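Just so it is clear, the model here is predicted, and its values are computed rather than measured. Sequence lines set the chain letters: A, B, ... in the order given, protein chains first and strands last, and positions in each chain run from 1. Only this structure's heavy atoms are used, side chains among them; waters, hydrogens and symmetry mates stay out.
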Amino acid sequence: MQTQEFEQRYIAARKKLIESEFAFLNPEQRQAVMTIDGPLLLLAGAGSGKTTVLINRIANLIRYGVASESDTVPDGATEADLAVLEAGASDEARRLAALDPVQPWRILAITFTNKAADELKTRLERTVGPAAADIWAQTFHSACVRILRRDADRLGFTKSFTIYDTTDSQNVVKHILKDFNLDEKLYPYRYILSVISKAKDEMLSPDAFMEQAKKSYDVRRTKIAEVYAEYARRLRDADAMDFDDLILNTVQLLQEYEDVRAYYQRKFRFVLVDEYQDTNHLQYLLARTLAGGYENICVVGDDDQSIYRFRGATIRNILEFEKDYPSARVIKLEQNYRSTGHILSAANAVIRNNLTRKGKTLWTAKDKGDRIQLHVAPNENDEAQYVADRILEAFSQGTPWSENAVLYRMNAQSNQLEYAFKRRGIPYRVYGGTKFFDRAEVKDVLAYLCVIANPSDELRLRRIINVPVRGIGQTSVEKCAELAARDGKTLYAVLQSAEQYPELQRAAGKLKDFAAMIDALRDMSAGAPLDAVYDALMERSGYIRALQVKETPENESRIENVKELKSNILSYIKDTGDSSLNGFLDEVALYTDLDSLDRDADCVVMMTIHSAKGLEFPTVFLVGAEEGIFPGLKAIGEQEEMEEERRLCYVAITRAMRRLFVTCAQQRMLFGRTSTNRVSRFVEEIPDGDLDRGYVPRGYNYSDAPRGFTQSVQRPQRQNPIRPVITPATAKAEPPQFQKGEMVEHRSFGRGMIVSMTPMGGDFLVEIAFDKVGTKRLMLKAAARLMKKL
DNA sequence: CGCACCACAATTTTT
DNA sequence: TTGTGGTGCG
């Protein structure tokens with residue numbers, strides 16, 4: 001018999017034990033980890049350790065189940081048990097503390113990026129061990145694919161439907177515009193896609209959208225409705241879904257099919273959503289529906305970091321979470337572990353100017369650190385030089401290149417910086433450039449694989465039907481398409497039975513051969529592992545052979561890329577243990593960022609502020625802080641847009657751990673036009689105490705400053721003493737594996753000779769004369785792993 | 001059919 | 001200014 005006193009002591013001891021397990025967290029973090037039941041909104045400021053909380057919350061669920069909040073005492077509990085619990089941490093005590101532990105497969109943790117999902121998985125693995133493998137830690141899109149692969153046939157797709165990426169969607173729309181004879185000026189495909197995307201977000205079917213458009217008597221909108229309908233039809237015919245469809249169709253599947261909904265709602269006892277401020281309406285619905293069984297939904301977000309409004313993200317989701325879930329509990333994480341005082345104070349001051357926000361103020365236990373350094377350069381060229389100089393200066397004092405990040409509003413701003421870095425031999429890497437999977441040759445091979453998996457995929461079929469050239473011209477393809485339309489077959493089906501069509505007599509043989517090749521590869525893919533299918537594809541299609549015919553450097557790099565794809569396949573098989581074609585294609589379709597930020601390479605990092613979200617760097621350069629650039633022209637005079645820009649600025653500032661430089665140019669040439677800009681209002685919003693304005697030329701708003709002055713001469717001395725400079729000679733320099741005069745083979749630049757080698761910091765600056773791409777200056781440490789001696 | 005040249009447009013973009 | 005996409009010619 002358990003007395004009331006016994007129960008209370010038992011519950012208290014149990015809670016104390018769990019608390020001690022998470023003693024390394026701060027009180028708010030710990031509270032978040034130990035809050036179990038019902039909806040929970042976690043307002044997590046930048047750098048407040050939200051991923052840590054997410055991980056440990058899951059760990060708590062798996063280890064202790066609902067124990068940290070429950071007032072239930074297990075039936076058979078004895079005095080002896082209590083004694084063990086009260087004695088504190090031991091394996092036995094931990095076992096006793098657990099109450100209804102949550103099975104890992106009943107936890108769904110949704111993120112936005114693959115990077116975030118991967119990080120979550122890796123850290124979960126480290127914290128909870130092998131159990132991590134069963135947790136659904138996925139992106140919105142990959143979770144939807146997983147759900148749809150089971151039941152897509154109920155929606156009229158096959159289970160091996162294809163995923164269209166943005167480029168595919170664009171191509172479909174472009175084709176439709178052409179077929180409909182619509183003027184591209186009046187109907188830009190980008191705009192149309194954004195309208196379609198918005199319609200999907202509101203769950204408006206093409207019919208419903210059309211009805212709405214007709215009611216508005218808007219001719220243009222009515223036309224767009226027709227395009228939308230045709231777009232939907234074509235994707236359906238191709239057995240394809242675009243990114244929005246993945247979410248939309250999942251929501252529809254769950255809404256329309258009681259049994260499917262019940263299955264997932266019973267399955268997911270706990271749902272966690274990361275970056276909740278970036279969810280759009282559909283994603284909100286999805287999360288809400290999936291969590292509909294137990295309503296144990298925990299969302300983590302920061303309204304101040306919502307920067308994807310233009311993509312449909314609505315800050316409403318986070319601002320009104322408490323309305324959506326009246327029983328919701330709210331916990332704010334306001335202690336920042338990333339940035340020093342001045343930086344944080346500046347971030348707070350800037351964001352405070354926004355009206356639409358929940359309101360929270362970050363604080364730090366760190367000291368004030370350096371003030372934010374402002375630099376007003378006469379033009380964008382000097383601005384870039386200033387940045388390069390500061391980085392070089394830091395490097396000579398022992399700071400690795402990779403501790404520096406340069407953030408800008410637009411990709412177009414990176415050029416001048418690249419130029420300045422190249423001239424000084426500063427190794428850098430630009431993120432957000434052309435991605436591996438966007439290369440034409442890679443897309444070709446992937447198109448082959450897509451067609452093998454899904455012959456209805458006409459878009460991709462058309463792409464490769466004559467690549468490499470096999471004598472199937474435009475005319476033949478169009479004729480086939482007409483026949484397909486006439487007989488209500490797919491284009492591919494016409495190819496397969498080409499000999500039956502007298503219209504095709506001349507091309508029939510080639511068409512049939514092509515279809516036979518794809519068919520054979522499909523048969524093979526049913527049994528053989530993917531890498532073998534790839535080899536067979538290369539052999540039978542002659543893709544690489546065709547590239548080898550002409551020995552140009554471009555073709556060589558194309559061959560490299562195609563082969564690189566095979567190593568991607570191999571590592572996919574190795575990582576997942578899955579060697580199916582469909583699995584790999586899903587991965588590729590949803591993975592935009594495979595060559596993601598690798599920490600090994602010691603390079604200065606350059607990217608847009610958008611791509612920097614979620615990252616941190618010891619030193620950050622925020623460049624182009626000018627009215628018209630940041631905030632952008634389009635935001636000036638628009639309240640909501642301006643607030644989004646300000647949030648973007650908040651994100652930028654809070655990326656910096658120890659040092660933040662803000663730069664702007666009085667005159668800037670952008671898109672071939674020179675303009676004179678004032679310093680960004682966001683800079684003016686930073687309190688004087690946190691900002692070192694450096695040297696400000698008289699009348700800095702205008703273009704009358706003397707040209708060609710250099711900042712270092714005219715700027716007053718910094719207040720903080722500059723650390724002694726380590727001369728390159730005294731820095732620890734490893735003996736180089738390479739020597740002057742040697743011939744080397746570089747992975748991207750090819751064959752070359754080392755012309756010079758200059759010690760610099762703990763590294764060497766090498767100059768290599770390449771046969772094909774001319775002389776390049778590289779930092780040896782970074783380059784060495786890409787080179788071998790010849 | 002492939003390549004060269006010219007016009008045109010250019011926030012941001014997790015999937 | 002730079003990159004891309006479309007057109008026209010060899």
Taking only side-chain nitrogens and oxygens of A:Asn415, does any of them come within less than 4.0 Å of OP1 or OP2 of C:dG3?
no
Please report the distance separating the C1' of C:dG3 from the corresponding atom of B:dT14, rounded so that it comes out in whole Å.
24 Å
Side-chain H-bond candidate by donor/acceptor type, A:Glu418 with A:Gln416, under 3.5 Å:
no
Starting from P on B:dT12, measure out to CG on A:Leu193 and report it in whole angstrom.
17 Å
Spacing of A:Tyr191 atom OH relative to B:dA9 atom P, expressed in whole Å:
18 Å
If you compare all heavy atoms of A:Val620 against all heavy atoms of A:Ala656, which two are closest, and at what distance to 0.1 Å?
CG2-CA, 3.6 Å
Please check if the number of heavy atoms outside A:Lys443 that lie under 6.0 Å from its NZ is greater than 12.
yes
How long is the line joining OH of A:Tyr419 and P of C:dT1, in whole Å?
13 Å
Nucleotide of B:dT14, C:dT1, B:dT12 approaching A:Tyr308 most closely (side-chain heavy atoms)
B:dT14
Find the distance A:Arg470:CZ to B:dG2:P and express it as a whole number of Å.
12 Å
Using the six-membered base ring of B:dT13, report whether A:Phe310 stacks on it, requiring centroids under 5.5 Å and planes under 30° apart.
no
Please check the phosphate of B:dA10 (OP1 and OP2 only) for any side-chain N or O of A:Asn411 closer than 4.0 Å.
no
What is the distance, rounded to the nearest whole Å, between atom CZ of A:Arg668 and atom C1' of C:dT1?
14 Å
Nearest to the side chain of A:Thr113 - B:dT14, B:dA10, B:dT12?
B:dT14
Between B:dT11, B:dT13, B:dT14, spot the one nearest the side chain of A:Asp278, thanks.
B:dT14
Given atom CG of A:Asp244 and atom C1' of B:dT13, what is their separation to the nearest angstrom?
12 Å
With a 4.0 Å cutoff (strictly under), does any side-chain N or O of A:Ser611 reach OP1 or OP2 of B:dT13?
yes
Close side-chain approach of A:Phe682 to A:Arg646, heavy-atom, < 4.5 Å
yes
Has the side chain of A:Arg311 got a donor or acceptor atom sitting under 3.5 Å from an opposite partner on the base of B:dT13?
yes
Is the glycosidic angle of B:dT12 within 90° of 0, making it syn, or outside that range, making it anti?
anti
Say we look at B:dT12 and C:dG5: how far apart would their C1' atoms be, to the nearest angstrom?
23 Å
Atom CZ of A:Arg647 to atom P of B:dT12: distance rounded to whole Å?
18 Å
Of the options B:dT13, B:dT14, B:dT11, whose atoms approach the side-chain atoms of A:Arg190 most closely?
B:dT13
Please pick, from B:dC1, B:dT13, B:dT12, the nucleotide with the shortest atom-to-atom distance to any side-chain atom of A:Met410.
B:dT12
Would you kindly give the NZ-to-P distance between A:Lys174 and C:dG6, to the nearest whole Å?
6 Å
Consider the side chain of A:Val469, meaning its heavy atoms from C-beta on, and name the nucleotide among B:dG2, B:dC1, B:dT13 that approaches it most closely.
B:dG2
Any Lys/Arg nitrogen of A:Arg357 or A:Glu643 sitting under 4.0 Å from an Asp/Glu carboxylate oxygen of the other?
no
Could you tell me whether the side chain of A:Val679 reaches within less than 4.5 Å of the side chain of A:Glu627, counting heavy atoms only?
no
